[in-house]
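Notes follow once the structure below has been shown.
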There are 2 protein chains.
Amino acid sequence: MSINASLPRLDWLRAFATFAEYRNFTHAARALGLSQPALHTQVKHLEEALETPLYRRDGRTLHLTEAGERVVGYANEVLGSMRSFVSEVRTGRDQRPVTLTAGEGAYLYLLGPSLEAFRRDHPEHPLRLLSEDRDTALESVRSGRADVAVTALAAAPTEAALEADLLSVVGISLAFRSDHPGLCDGGALSLDEVANAPLIAPPAGRPMRRLLEGAWLEHTGRPPEVAVEASGWPLMLEFVRLGLGVAFVNAFCAPPPGVALRPVHDLEPVSYWMLWRRRSTPASATVEALRRALARTSR
Amino acid sequence: MSINASLPRLDWLRAFATFAEYRNFTHAARALGLSQPALHTQVKHLEEALETPLYRRDGRTLHLTEAGERVVGYANEVLGSMRSFVSEVRTGRDQRPVTLTAGEGAYLYLLGPSLEAFRRDHPEHPLRLLSEDRDTALESVRSGRADVAVTALAAAPTEAALEADLLSVVGISLAFRSDHPGLCDGGALSLDEVANAPLIAPPAGRPMRRLLEGAWLEHTGRPPEVAVEASGWPLMLEFVRLGLGVAFVNAFCAPPPGVALRPVHDLEPVSYWMLWRRRSTPASATVEALRRALARTSR
DNA sequence: ACGTTATTATAGCTTTAAACGATAGTTTCG
DNA sequence: CGAAACTATCGTTTAAAGCTATAATAACGT
C-alpha cells in the first residue's frame, strides 16, 4: 500500500517533457545536454514511479500513450509553475513569460490591438509569441508549451483537457485587383461570379484550401482550378496585387493598395477561438466541490 | 543571467515543508526519517536555489522569513498536487483526500449536513477532518496542510494569501436547566437578567471567553465570575444539565434533554467563515490577464 | 537481398552528490 | 556556571546518476 511511494523527480518530468517533444531519445538527449542512456533511464524511472508505460514503440517510431500525453501536460505545467515561482521568489516579482501561439493571419489582422493592450497593462510580463499552424498550436497548448492558442476552428473542441472561448467570426472575402473588369462594384459576391478567374489558393491540405474545395464542388459542380499556390494571406494578397489572380481571404485582411475586397456569401464564415489548457491542479476541482458543499450550509 | 538555473528538487521542498511544521531541524529530521545534518543541507540547498534565506535564528528558536512562509505554502501545494497526480495516473482515478479543519463546535452543529452531502456526491474522495482551534486551523490552511478551514472570525481575514466566504452568522444563547426558576419563559434575554447565576465558561484566553468578558464588563461594569471552566460546547451543555450553572453557547447548539436555550441580545452574533488558500499557480493570474485582453478582441 | 544507417536499450565503470556519524559552536535553563 | 538542547560543519561512506561502449532492432538504399 505504497503510502509514501517516492515522488517522481522534477528531472524526470523535464526529461520526459522534452522527450515527448522530439519523440526521439537521441535528439531530446542532445537538447537536454545529456547522454542518450541517461535520458533513457530518467524516462524509465518516471515510468516506474508512475507504474505506467508512457510511450510505446511502433517499429522505430515512438508514440506517447494516453497516460504519457497527460503526463507531458502535467509536467510542463508543474515545471512552468516551479520556474516562475523560483524567479518570483528570487527577484521579488512575477516575471513569468506568457506564451501565445497563433497563425500569422491572426497576429496580423486580429490580435494586434489586444496584444498592444496586454503589453501596456502588464509590461512586467514578457510575451512569447509563437507562430504555428493550427495543429501544432493545439499540440503546443495541450502539452503546456504554450499558455494560450488562437486559431480558426469549425467548432469548439470537445476535448476535456481544453477550454475555449469564441473570439471572432469573420466572413470570407474575395481579393482582386482594383482594376479588375467586372468585379469592382457591388455587394456580396456569389461563387459562380468568380468561377472563371485564375485562383490563388493555399497549398493543398491546408484547412482553408479544403474549405474552398468543398464549397467549390458544391456550388459549381467541379473542383477549383488553382493557378497559384501561396501560404499566408500577406503573400496571397501580394500575388493578387501583382495580377496573378484572385484569392479568397478572411474579411479582416487589410488589402494592399491596388487590391480590393468584396464579401463572398457562398462561403461559411470562419470562427476564431482562443484555447487554453484546463488547469489540472487535480486537487482544485475536488476542493471546489467541498467548498460548494459547505457553502450550502444554512446562511 | 541564470536562464536555466537549476530547479529546486522536490525533496528539498518536502524537507522544508516539514521543517516549517516543526521549526526544529532535529524533530523534523526524525519525522522525515533523515539525519539532522541531511535535513539541514537540504534546506540549505533550497535556500541557495532560491537565493533567499528562508528562516532566521533568534537565539535557539527559528522563525520562517516572509519568503519562507510563501515557500511552505507553495511547497505543500506542489507536493499535494504531485502526489494526487501520481496516484491518479497509477490508479486511473482521482482519489486525493480533501482535508478540512474546523473546531469541534462547527463539526457538531454546523457542518454535519454539508459533509453528509459531500460524502454522498463525491464518495470517491476520502475526507480528512482535522479538529483544530482557530489559530491552528488558519495556520494549517496557510501552510497547505489543510485545503479548507471553517472557523469563527470577527471579520474576513485581510491576508492576501487567503480567500474567505461567510458561511453563517449565529447568535448567542443562554443555556440553562429547564427547571431554572425565572428563566424558563420569554424572548431574548439581556445580560443583567443572568448576572447573578453561576457561570460556566470556556477557559481563559479562548476567543469566546474574551468576547464574554468584554461584553460583561460593558453591560454590568464588572468582570464575570466564572464558576466552572469547560472547553467545548458539549461539555458546557452537559455541565448545565448537571446543574453546575448557566452557559453562553452558540444558538445552533442542540441542548440535551432538560436543558433549554434562550437568545441573548447583548452579545454580538458570531460569524463562521470558510477559508482557503488562494491558489498561487503564479502563472494563472497572468494567463488570465492575457485571456481577458484577447477576449476584448472584436467579437 | 544485404549491408548501412539510425536508433533504442542494456551493461560496466566513473563521478557526483546525498546521507551519515562525530563534533564544534551557541543559546537557554536550572 | 554547568547541563541540556540544538544548529551547523567536517570527513567518510554509500547510493545513484552520468558516461562510454555496445548489443539489438528496425528502416532504407542500392
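The structure presented is a predicted model; accordingly, all values stated were derived computationally and were not measured. For the numbers below, each heavy atom of this structure counts, side chains included, while hydrogens, waters and symmetry mates do not. In the text below, chain A, chain B and the rest are named by the order of the sequence lines, each starting its count at 1.
- Rounded to whole Å, atom C1' of C:dT26 lies 6 Å from atom CZ of B:Arg57.
- Between A:His40 and C:dA9 there is a side-chain polar atom (N or O) within less than 4.0 angstrom of OP1 or OP2.
- Across all their heavy atoms, B:Val141 and B:Ala149 have their closest contact at CG2-CB, 3.3 Å.
- Taking the nucleotide of DNA chain C with the nearest heavy atom to each of B:Thr61 and A:Arg9, the more 5' of the two is matched to A:Arg9.
- Distance B:Arg56 CZ to D:dC6 C1': 18 Å, rounded to the nearest Å.
- Within the 3.5 Å criterion, the main-chain N or O of B:Thr136 finds a donor-acceptor partner in the side chain of B:Ser140.
- B:Glu132 and B:Thr101 form a side-chain donor-acceptor contact under 3.5 Å, judged by distance and modelled atom types alone.
- For the pair A:His63 NE2 and C:dT8 C1', the interatomic distance rounds to 15 Å; values are reported in whole Å.
- The OH atom of A:Tyr55 sits 15 Å away from the P atom of C:dT7 (whole-angstrom rounding).
- A:Phe16 has its ring centre no less than 6.0 Å from the ring centre of A:Tyr55.
- Between A:Gln42 and A:Asp11 there is a side-chain heavy-atom pair separated by less than 4.5 Å.
- At least one side-chain nitrogen or oxygen of A:Lys44 sits closer than 4.0 Å to the OP1 or OP2 atom of C:dT10.
- Atoms OH and CZ, from A:Tyr22 and A:Arg30 in turn, are 9.0 Å apart once rounded to the nearest 0.5 Å.
- When each of A:Leu39 and A:Asp58 is assigned the nucleotide of DNA chain D bearing its nearest heavy atom, the one mapping closer to the 5' terminus is A:Leu39.
- In this model, the phosphate group of C:dA18 is approached by a side-chain N or O of B:His45 to a distance below 4.0 Å at OP1 or OP2.
- Side chain of A:Thr65 to backbone of A:Leu54: a donor-acceptor contact under 3.5 angstrom is found.
- Listed for the B:Thr52 side chain is a donor-acceptor partner under 3.5 Å among the backbone atoms of B:Leu50.
- Listed in residue order, the members of residues 17-35 of chain B having a heavy atom less than 4.0 Å from DNA chain C are B:Leu34, B:Ser35.
- In this structure, B:Gln36 places its CD atom 16 Å from P of C:dG25, rounding to the nearest Å.
- The base of D:dA17 lies outside donor-acceptor range of the side chain of A:Gln42, with no N or O pair under 3.5 Å.
- The distance from atom CG of A:Leu62 to atom C1' of D:dA27 is 13 Å, rounded to the nearest whole Å.
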Any chance you could list the contact pattern along nucleotides 11-16 of chain C? Use B for base contacts, S for sugar-phosphate-only contacts and - for none, protein heavy atoms under 4.0 Å, 5' to 3'.
------

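- Nearest heavy atoms, A:Phe25 versus A:Leu39: O-CD2, 3.3 Å.
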